[in-house]
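Note that the coordinates shown come from a computational prediction; the quantities given were computed from them, not determined experimentally. Counting starts at 1 for both ligands and their atoms, following the listed order.
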Amino acid sequence: MARITAGLTTSHIPAIGAAIDLGKTQEPYWKPLFEGYDWTKSWAKENVPDVVILVYNDHASAFTPELVPTFALGCADEFKPADEGYGPRPVPVVHGDPDLAAHLAESLILDEFDLTLMYKLDVDHGLTVPLSLVYGQPDEWPVKVIPLAVNVVQYPPPTGHRCLRLGQAIRRAVQSYGEDLTVHVWGTGGMSHQLQGPRAGFINSEFDTAFLNRLVKDPEGLAKIPHIEYVREAGSEGIELVMQLIMRGAMGPEAEELYRFYHVPGSNTAVGHIVLRPADA
Ligand code: DHB
Ligand code: FE
């Protein structure tokens, strides 16, 4: 039987990817941010799963305003780094797990989550920056990755409640897979940030800390927050945080916080990162 053995959340700021790709991680601005991931990098070397289900959002790279799937599951063999306007990032191609993805598709759709199935999908910074933060700059990523893209770009995104329920359904789906695999679920995006308009640069550390606390201890309560509260308290792009509830749902009712890092600023945003272990792992 396949098992979920860990989960993590992290911001996926594009400038972090650029800092890595351009060799700037030791510069004074970036050093404290990257040091915040040292614990995770060591942990990740000792805890390599077979597959990561990586929840992220596409930022109008693979999708356009003409095609907006709420939840899109990557079912392909491989996923190329997207060209986001300045050439694709110089990172390895992402290898998928089409067999597990097909099982997830069947299980989740029969469980009444009507996913869009992607047999071709270029992956942008939302997916590749977390991989770089956790696995550094290898020639090949050490894990297979199943992308799960969530629309948080064009109104209306899914509710936090729907995201938590989807995570719970992912847990059931993984646990009903016959192969003996270990699986991690990652939720990316956030923390508080607003990239445009009069409140550009808005950061709310109090909200971010409370969000992470409740994500660990009170996911059902946290899932009740309406969109307007995310926008008001975490900025317009802070709505990306709903994706972290998918990860949390996949951990089951109880999860232990192994590590947390919070840092301001990273580019225009707050950087938040936690690592969780499900109670039954
Ligand atoms: C930025 C973009 C993002 O997609 C994000 O999640 C955080 C920050 C940015 O452009 O700075
Ligand atoms: Fe983003």
Side-chain angles (χ1 to χ4, degrees), residues 8-22 24-25 27 29-30 33-34 36-37 54-65 68-72 74 79 81-89 91 94 121-134 145 147-158 160 163 186-205 207-208 211-212 215 227 230-231 233-247 261-274:
L8 67 80
T9 69
T10 179
S11 309
H12 60 216
I13 304 162
I16 292 178
I20 295 170
D21 301 341
L22 300 172
K24 294 185 174 179
T25 59
E27 289 187 359
Y29 178 84
W30 290 108
L33 188 158
F34 285 103
Y37 286 82
L54 205 160
V55 182
Y56 78 110
N57 69 289
D58 178 83
H59 302 72
S61 307
F63 303 124
T64 71
V68 186
T70 302
F71 299 114
F79 307 94
D83 183 345
E84 300 182 55
Y86 36 86
R89 286 192 64 212
V91 293
V94 173
L121 174 65
D122 289 351
V123 286
D124 75 5
H125 68 269
L127 183 133
T128 63
V129 165
L131 285 174
S132 299
L133 280 168
V134 174
V145 177
L148 175 57
V150 179
N151 168 45
V152 288
V153 167
Q154 189 160 314
Y155 189 83
C163 288
W186 297 8
T188 82
M191 302 294 296
S192 56
H193 65 300
Q194 172 141 350
L195 301 176
Q196 27 78 43
R199 285 209 310 170
F202 176 76
I203 284 174
N204 183 348
S205 299
F207 176 87
D208 289 339
F211 183 91
L212 291 175
L215 187 67
H227 286 144
Y230 284 96
V231 175
E233 298 296 332
S236 50
E237 279 69 43
I239 193 66
E240 288 186 342
L241 286 168
V242 292
M243 294 185 287
Q244 301 196 2
L245 281 159
I246 298 179
M247 180 287 301
F261 174 61
Y262 184 79
H263 176 82
V264 176
S267 182
N268 303 304
T269 96
V271 179
H273 168 51
I274 57 172

*Who's the nearest protein heavy-atom neighbour of atom 1 (C) of ligand 1, and how far?*
P14 CD, 3.4 Å
*Considering only the protein, which heavy-atom contact is closest to atom 5 (C) of ligand 1, and what is its distance?*
H193 NE2, 3.3 Å
*Can you tell me the angle formed at the Fe ion (ligand 2) by NE2 of H12 and NE2 of H59, to 10°?*
100°
*For residues D83 and D122, determine if any side-chain heavy atom of one lies less than 4.5 Å from a side-chain heavy atom of the other.*
no
*asked:* Residue-level breakdown please: for E237 versus ligand 1, do any non-hydrogen atoms fall below 4.0 Å on the side chain, on the backbone, on both, or on neither?
replied: neither
*Which residue supplies the protein heavy atom nearest to atom 9 (C) of ligand 1, what is that atom called, and how far is it?*
L195 CD2, 3.7 Å
*Please state whether the separation between the Fe ion (ligand 2) and some N/O/S atom of E237 is under 2.8 Å?*
no
*OG/S192 to CD/E240 distance, rounded to the nearest 0.5 angstrom?*
11.5 Å
*Closest approach of any protein heavy atom to atom 11 (O) of ligand 1, naming residue and atom*: S267 OG, 3.2 Å
*Determine whether S11 and H193 make a side-chain contact, defined as any pair of heavy atoms from C-beta on separated by less than 4.5 Å.*
no
*asked:* Taking N, O or S atoms only and a limit of 2.8 Å, check whether H125 reaches the Fe ion (ligand 2).
replied: no
*Is it true that H12 lies under 4.0 Å from ligand 1, counting heavy atoms only?*
yes
*Distance from F211 atom CZ to Y230 atom OH, nearest 0.5 Å?*
4.5 Å
*Nearest 0.5 Å please: distance from the NZ atom of K24 over to the CD1 atom of I16.*
14.0 Å
*Test side chain to side chain contact (heavy atoms under 4.5 Å, CB included) applied to M191 and L212, T10, T269, the passing residue*: L212
*Between F79 and L127, is any pair of side-chain heavy atoms under 4.5 Å apart?*
no
*Once you round to the nearest 0.5 Å, how far does CG of D124 lie from NE2 of H12?*
7.5 Å
*Just jot down the ligand 1 atoms closer than 4.0 angstrom to any heavy atom of E240, in number order.*
4 (O), 6 (O)
*Out of curiosity, is A15 lining ligand 1, as in a heavy atom under 4.0 Å away?*
no
*Taking C-beta and beyond as the side chain, do L8 and M247 meet within less than 4.5 Å on heavy atoms?*
no
*Atom indices of ligand 1, in the order listed, that fall short of 4.0 Å to a heavy atom of H125*: 3 (C), 4 (O)
*Looking only at distances, please establish whether an N/O atom of ligand 1 is found under 3.5 Å from an N/O atom of T269.*
no
_With carbon and hydrogen excluded and only N/O/S kept, which atom of E240 is nearest the Fe ion (ligand 2)?_
OE2
*asked:* What I want to check is whether the side chains of H59 and E237 have a donor and an acceptor closer together than 3.5 Å.
replied: no
*Under 4.0 Å from any heavy atom of N268, which atoms of ligand 1 are there?*
11 (O)
